[in-house]
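Whatever order the structure lists ligands and atoms in, that order sets their numbers, starting from 1. For clarity, every value in this text was computed on a predicted model and none was experimentally measured.
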Amino acid sequence: MQLTRSGNENVSLRKRCPLLSFKDLGDERGKLVVIEGGIAIPFEIKRVFYIYDSDADVIRGQHANKISEFVLINVAGKSKVRITDGYEEFTVELDKPMTGVYIPRMVWKDMYDFSNDSVLLVLASTHYDANEYIRDYDEYLKIMEAENL
Ligand code: TYD
């Protein structure tokens with residue numbers, strides 16, 4: 001099922017989920033990437049987690065968050081993120097430690113196609129609260145439509 005907007009297009013989903021490029025402070029000794037909350041990414045970081053050892057055929061995520069914002073970075077290996085708001089959908093391939101994708105609140109994400117060496121780092125704007133996760137896609141679409149998001 002896909003939602004269709006009745007009014008004018010809002011800012012496109014791609015624009016709302018930009019790729020972020022982080023500065024490389026590396027030198028001849030190696031590379032160094034620094035991510036400061038509120039500076040390199042648009043929120044203060046309250047939680048960090050990382051996903052690794054996920055097989056290529058696994059789909060993770062499969063949720064939207066009522067409150068949390070995220071930045072996803074493959075600090076090693078690669079994976080894909082399918083991003084949708086029910087109206088639009090696009091896929092990002094994450095394969096560079098210096099690049100992340102920003103995911104605002106109320107945006108659905110699926111992570112998949114993990115390489116064997118994938119380490120997917122996730123920065124989050126909140127502490128974990130299971131109640132702010134929407135894990136049922138139909139329920140998500142209903143909320144998106146009802147709240148005119
Ligand atoms: P889940 O949200 O399914 O992971 P992903 O979105 O990466 O596929 O989380 C897996 C389990 O870990 C689930 O039982 C909830 C728990 N968890 C926490 O306790 N804290 C956290 O910050 C996260 C992301 C998950």
Side-chain angles (χ1 to χ4, degrees), residues 1-5 10-25 31-149:
M1 183 179 147
Q2 179 153 5
L3 302 177
T4 44
R5 293 200 193 279
N10 291 331
V11 178
S12 75
L13 182 63
R14 251 176 218 278
K15 282 210 171 126
R16 291 194 294 120
C17 303
L19 285 179
L20 306 175
S21 293
F22 307 118
K23 251 205 217 150
D24 170 24
L25 304 181
K31 296 200 185 298
L32 172 67
V33 175
V34 179
I35 300 168
E36 294 191 66
I39 300 175
I41 64 169
F43 56 80
E44 295 296 340
I45 300 162
K46 283 218 177 136
R47 177 165 48 120
V48 174
F49 56 94
Y50 39 93
I51 296 166
Y52 62 102
D53 254 0
S54 279
D55 287 335
D57 57 355
V58 157
I59 304 179
R60 301 204 57 129
Q62 304 193 84
H63 46 58
N65 292 72
K66 293 179 186 163
I67 299 166
S68 297
E69 301 163 68
F70 299 95
V71 170
L72 277 58
I73 307 155
N74 255 99
V75 291
K78 50 186 170 180
S79 70
K80 289 186 184 132
V81 193
R82 183 167 40 238
I83 298 170
T84 182
D85 60 0
Y87 299 94
E88 297 168 63
E89 176 184 316
F90 70 100
T91 299
V92 172
E93 181 154 357
L94 294 174
D95 57 3
K96 291 177 200 71
M98 289 168 54
T99 304
V101 61
Y102 169 67
I103 304 195
R105 62 177 288 274
M106 288 307 284
V107 169
W108 188 274
K109 59 231 167 275
D110 300 321
M111 295 88 87
Y112 62 104
D113 254 7
F114 296 93
S115 62
N116 280 340
D117 57 346
S118 171
V119 181
L120 178 60
L121 176 70
V122 183
L123 311 174
S125 64
T126 59
H127 292 147
Y128 183 68
D129 173 6
N131 294 322
E132 64 108 13
Y133 279 69
I134 306 166
R135 292 181 181 271
D136 180 306
Y137 191 62
D138 289 335
E139 182 196 341
Y140 168 70
L141 293 179
K142 278 188 195 137
I143 296 172
M144 291 299 286
E145 214 167 23
E147 297 190 5
N148 207 11
L149 288 170

Asker: Does F49, at its CZ atom, have more than 12 non-hydrogen atoms belonging to other residues, nucleotides or ligands within less than 6.0 Å?
Answerer: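 Yes, because the 6.0 Å sphere around CZ of F49 holds more than 12 heavy atoms from other groups.
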Asker: Any donor-acceptor pair under 3.5 Å linking the side chain of R105 with the backbone of S68?
Answerer: no
Asker: Would you call D113-K80 a salt bridge at under 4.0 Å N-O?
Answerer: yes
Asker: Can you tell me if Y52 has over 12 outside heavy atoms packed within less than 6.0 Å of its OH?
Answerer: no
Asker: Have a look at D85 and tell me which of R14, R16, K15 forms a salt bridge (charged side-chain N to carboxylate O under 4.0 Å, His left out) with it.
Answerer: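 With D85 as partner, salt bridge (charged side-chain N to carboxylate O under 4.0 Å, His left out) holds for just one option, R16.
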Asker: Is a side-chain donor or acceptor of Y140 paired with a backbone partner of M106 at a separation under 3.5 angstrom?
Answerer: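 Between the backbone of M106 and the side chain of Y140 there is a qualifying donor-acceptor contact (under 3.5 Å).
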Asker: Show me, by chain and number, every protein residue that has a heavy-atom distance under 4.0 Å to ligand 1.
Answerer: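 Contacts of ligand 1 under 4.0 Å: R47, F49, I51, R60, G61, H63, Y128, Y133, R135.
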